[in-house]
Protein chains: 4
Amino acid sequence: MNKDSGFSQGIGEEGGLRTRHHGNRHRRSEEARRAVLEAADDLLAEIGFAAVTIEGIAARAGVGKQTIYRWWQSKADILMDALLEDATQDLIPPDTGDLGSDLRIHLSNLAKFLTQSDAGAVFRALVGQVQHDPVLADRFRTDYLTRQREVDRIPLLRSIERGQLARGVDLDLALDQLLGPIYFRVLVTGQPVPREITDTLVKGFLKEMEAEA
Amino acid sequence: MNKDSGFSQGIGEEGGLRTRHHGNRHRRSEEARRAVLEAADDLLAEIGFAAVTIEGIAARAGVGKQTIYRWWQSKADILMDALLEDATQDLIPPDTGDLGSDLRIHLSNLAKFLTQSDAGAVFRALVGQVQHDPVLADRFRTDYLTRQREVDRIPLLRSIERGQLARGVDLDLALDQLLGPIYFRVLVTGQPVPREITDTLVKGFLKEMEAEA
Amino acid sequence: MNKDSGFSQGIGEEGGLRTRHHGNRHRRSEEARRAVLEAADDLLAEIGFAAVTIEGIAARAGVGKQTIYRWWQSKADILMDALLEDATQDLIPPDTGDLGSDLRIHLSNLAKFLTQSDAGAVFRALVGQVQHDPVLADRFRTDYLTRQREVDRIPLLRSIERGQLARGVDLDLALDQLLGPIYFRVLVTGQPVPREITDTLVKGFLKEMEAEA
Amino acid sequence: MNKDSGFSQGIGEEGGLRTRHHGNRHRRSEEARRAVLEAADDLLAEIGFAAVTIEGIAARAGVGKQTIYRWWQSKADILMDALLEDATQDLIPPDTGDLGSDLRIHLSNLAKFLTQSDAGAVFRALVGQVQHDPVLADRFRTDYLTRQREVDRIPLLRSIERGQLARGVDLDLALDQLLGPIYFRVLVTGQPVPREITDTLVKGFLKEMEAEA
DNA sequence: AAGTAATCGAGACGGTACGTCAAGTCTTCCT
DNA sequence: AGGAAGACTTGACGTACCGTCTCGATTACTT
């Protein structure tokens with residue numbers, strides 16, 4: 001995506017060319033990088049964010065601490081990379097041709113992602129950390145959220161193109177209304193987010209859109 | 001509310017009789033308790049959750065570490081108490097006689113609380129920590145959330161009694177829809193929550209309720 | 001003697017009528033005092049001086065910490081009392097009418113006391129502590145050593161009276177020569193002190209005395 | 001003796017070649033080691049054994065606590081090393097060709113060492129601690145005493161070779177008799193050990209040896 | 001007999017040091 | 001040059017005891 005290829009951001013190389021204008025000087029070890037991300041992921045799942053340590057990650061990854069400090073700033077930074085690597089492919093909304101269906105599926109997928117998947121656990125840990133760490137918050141919003149936001153917007157945009165949804169709709173607010181309750185339940189109240197909830201959210205949203213018109 | 005209200009130990013005899021026939025001879029120092037809560041509050045505001053340490057709180061409060069460990073389990077536990085003490089009086093919805101007004105005011109107050117107040121900063125730190133610490137999560141939900149949830153419900157209940165709102169409305173879901181987007185912006189996207197947002201949320205909610213009917 | 005009757009010194013009341021029949025002025029609890037001394041003794045034997053704590057003694061004795069601090073200055077001070085109470089009756093030299101016999105028996109008793117008895121363990125712990133604590137050293141020498149020194153001197157004095165030993169003998173030096181090697185082995189080298197050793201010491205001493213004459 | 005002589009861990013390359021194909025890459029900091037020993041020595045002299053703490057040593061040495069705990073087991077263990085480093089060169093008996101002279105000088109040096117020197121203060125503290133700590137006692141006897149014992153024996157051995165002293169003499173007992181009273185005065189009675197005392201001890205010992213013959 | 005005063009067991013208090021853990025830095029050797 | 005290893009300083013952790021303090025109960029001497 002971006003040439004910065006910022007190892008700390010990881011993502012980057014899926015394009016594959018890997019032409020990196022003139023190469024990465026003296027070669028970062030891709031092997032070490034993956035080992036670290038995997039170790040971090042595994043440890044998060046096994047012992048929880050609070051118990052994860054840089055030393056633990058290094059030991060589990062079979063990597064020197066220095067190698068970690070050379071490329072990442074904190075354990076949260078590592079998890080950011082892990083999240084970007086693991087989770088981007090998920091949460092791509094379907095294209096069924098119907099806004100209601102698209103949203104129902106997408107919201108349901110989101111709920112599943114947040115509550116059931118390993119990547120969701122990473123996400124929750126990161127959001128937790130974001131409350132304490134403004135630098136991480138920046139990176140989280142720049143590297144993850146804005147991208148996800150664009151993806152989330154797709155069903156609505158498609159619906160507008162199809163003429164189902166009015167042109168003037170405030171998409172950001174719409175997304176807040178659709179997604180907010182889900183994140184709220186997951187992050188704050190800790191309540192489950194079954195399909196009935198997501199379906200009802202979509203129903204309410206559609207009803208409101210109709211009423212709007 | 002219950003008299004104990006659930007501080008970590010409560011000393012809580014505000015009822016006052018203090019008839020305790022002879023028990024509890026060695027009482028907790030109320031002075032130390034308040035000093036700790038204040039120190040924790042202040043430090044959170046000054047240096048942020050991550051930089052707050054038990055040692056720092058103890059030093060600032062002029063209290064022995066053991067005294068803290070005797071009564072609290074973690075720095076988050078201390079902040080829980082601080083939150084319960086500081087914030088309970090806030091966020092009580094008004095009673096204007098109109099659901100729309102009540103909600104607009106209440107949501108705006110909530111947004112202000114979350115983004116502007118010291119207690120809101122404590123709340124955000126706690127929600128962050130809740131993502132990493134299941135024990136804290138329990139306490140957070142038992143001691144704070146359920147109480148707040150009941151308070152949040154009041155405008156809707158009053159509206160039902162007035163006959164404005166249908167009896168069958170799912171109040172929990174309604175609250176998720178009204179509050180979720182606000183928490184989402186505060187905790188996840190980091191966007192501000194101006195009055196326009198809260199007002200629009202209320203408008204949408206009312207429109208949906210009408211459509212429902 | 002002294003009105004304080006120095007409980008912390010325990011012993012001390014021999015001057016006296018010891019009418020303590022019931023009236024101890026304003027009542028120190030004799031029961032507590034004995035419980036503390038016994039607890040200290042027991043704990044020393046069980047876990048060693050380093051692991052003995054005032055809190056541990058108080059708990060074991062079923063006594064409040066304050067009670068201990070009221071009457072003693074340190075755990076070593078308690079053990080001083082225990083030593084004075086337990087050990088004074090030991091180490092009284094016999095009177096066989098013969099200097100050699102008296103000394104052989106006495107030195108052997110001393111060796112046994114130092115290496116085998118519980119009171120000897122207390123003594124060793126106190127000598128250890130004396131190296132670190134000048135205040136204790138004072139008390140140790142004033143209350144225990146000078147007394148014991150006088151007792152140790154008895155066989156030599158008797159022998160002088162009997163005409164066996166020359167009047168001019170330096171008794172202090174003689175005692176250093178007789179006792180020093182025993183304490184040295186016990187405290188420094190950690191070697192055992194069997195009867196052969198003590199007997200040989202006596203033999204050497206007597207030979208030297210003869211040669212002197 | 002070798003300059004390395006057996007610090008608590010040494011690193012032990014006395015074999016020397018250090019061919020270790022690749023092992024032991026991360027070596028102990030000699031600088032930190034010396035700083036710790038000096039700090040411990042100084043603190044002992046300044047504030048006394050009881051007041052010396054590991055934290056204090058670390059702070060004074062400008063060293064992390066962990067570094068101390070990595071290489072030593074206790075403050076006494078540190079002082080053991082300091083003693084071994086500082087004191088081994090002292091207390092080597094002279095060779096005047098005459099047993100009496102040799103012993104008089106050596107005993108006098110010993111007395112001076114024990115009562116006047118900084119290393120002597122360390123020694124006294126260690127002997128004190130030896131009464132409470134069997135592990136230290138072991139190390140004290142293995143690493144220090146046996147070595148010193150051999151050195152102390154030298155004048156007697158030389159005298160035997162010269163034919164002055166009988167072959168059958170029990171050297172260990174002889175040393176106990178010569179040294180015991182000195183240690184006794186220093187460690188137990190706290191009396192000074194002037195030259196008259198040491199001289200008289202030697203005189204008595206020689207007289208006894210003559211009488212023996 | 002009631003009042004007074006000192007001691008008692010208990011245990012919370014402000015502290016100090018403990019011994020451990022992890023942070024982030026630095027140095028060394030290896031590849 | 002990058003990476004694995006690990007010793008280094010730093011600082012917080014949570015615990016154990018220190019010595020002081022207050023509490024309510026007990027008990028022996030006033031009065």
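A note on names: the letters A, B, ... follow the listed sequences, proteins ahead of strands, and every chain is numbered from 1.
- Here CZ of A:Arg33 is found 6.5 Å from CH2 of A:Trp72. Values are rounded to the nearest 0.5 Å.
- Going from atom CE of D:Met80 over to atom CG of D:Leu37 covers 11.5 Å, rounded to the nearest 0.5 Å.
- Here the C1' atom of nucleotide F:dA1 and the CH2 atom of A:Trp71 are 10 Å apart, to the nearest Å.
- Here E:dT27 presents its P atom at 12 Å from CD of D:Glu31, a figure rounded to the nearest Å.
- Distance CD (C:Glu30) to P (E:dA6): 21 Å, rounded to an integer number of Å.
- The A:Tyr69 side chain lies nearest to E:dT25 when the options are E:dT25, E:dT28, F:dA7.
- The side-chain contact (heavy atoms from CB on, under 4.5 Å) check on D:Glu38 picks up nothing, with sequence neighbours excluded.
- Remark: C:Ala137 engages C:Val130, C:Arg141 in a side-chain contact (heavy atoms from CB on, under 4.5 Å) (not counting sequence neighbours).
- Distance NZ (C:Lys75) to C1' (F:dG19): 15 Å, rounded to an integer number of Å.
- Legend: residues meeting side-chain contact (heavy atoms from CB on, under 4.5 Å) with A:Ala40, ordered by chain and number and at least two apart, are A:Ile57, A:Ile78, A:Leu79.
- The nearest whole Å value for the distance from the CD atom in B:Gln73 to the P atom in F:dT15 is 11 Å.
- Under the side-chain hydrogen bond (donor to acceptor under 3.5 Å, both in side chains) criterion, A:Arg70 pairs with no residue at all, not counting sequence neighbours.
- With a 6.0 Å radius and a threshold of 12 heavy atoms from other residues, nucleotides or ligands, D:Gln73 has its CD atom at or below the threshold.
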Are there any protein N/O atoms within less than 3.5 Å of an N/O atom in nucleotides 10-12 of chain F, and if so, which ones and at what distance?
none

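- The side-chain contact (heavy atoms from CB on, under 4.5 Å) search around D:Gln129 returns C:His132, D:Phe49, D:Ala76, D:His132, D:Leu136, not counting sequence neighbours.
- Each of B:Ala58 and D:Gly56 lies near DNA chain E, and the nucleotide nearest B:Ala58 is the one positioned closer to the 5' end.
- The CZ-P distance, from B:Arg27 to F:dC21, rounds to 16 Å in whole Å.
- Of the residues in residues 39-50 of chain C, none has a non-hydrogen atom less than 4.0 angstrom from any atom of DNA chain E.
- For C:Ile57 and F:dA16, the CD1 to P distance is 18 Å, given to the nearest whole Å.
- If you take CD1 of D:Ile68 and C1' of E:dT20, they are 14 Å apart, rounded to a whole angstrom.
- Counting only residues at least two apart or on different chains, the side-chain hydrogen bond (donor to acceptor under 3.5 Å, both in side chains) pairs with a member in residues 41-56 of chain C are C:Glu46-C:Arg60, C:Glu55-C:Lys65.
- Here the side chain of C:Arg70 is nearest to one of E:dT7, F:dC23, F:dC8, namely E:dT7.
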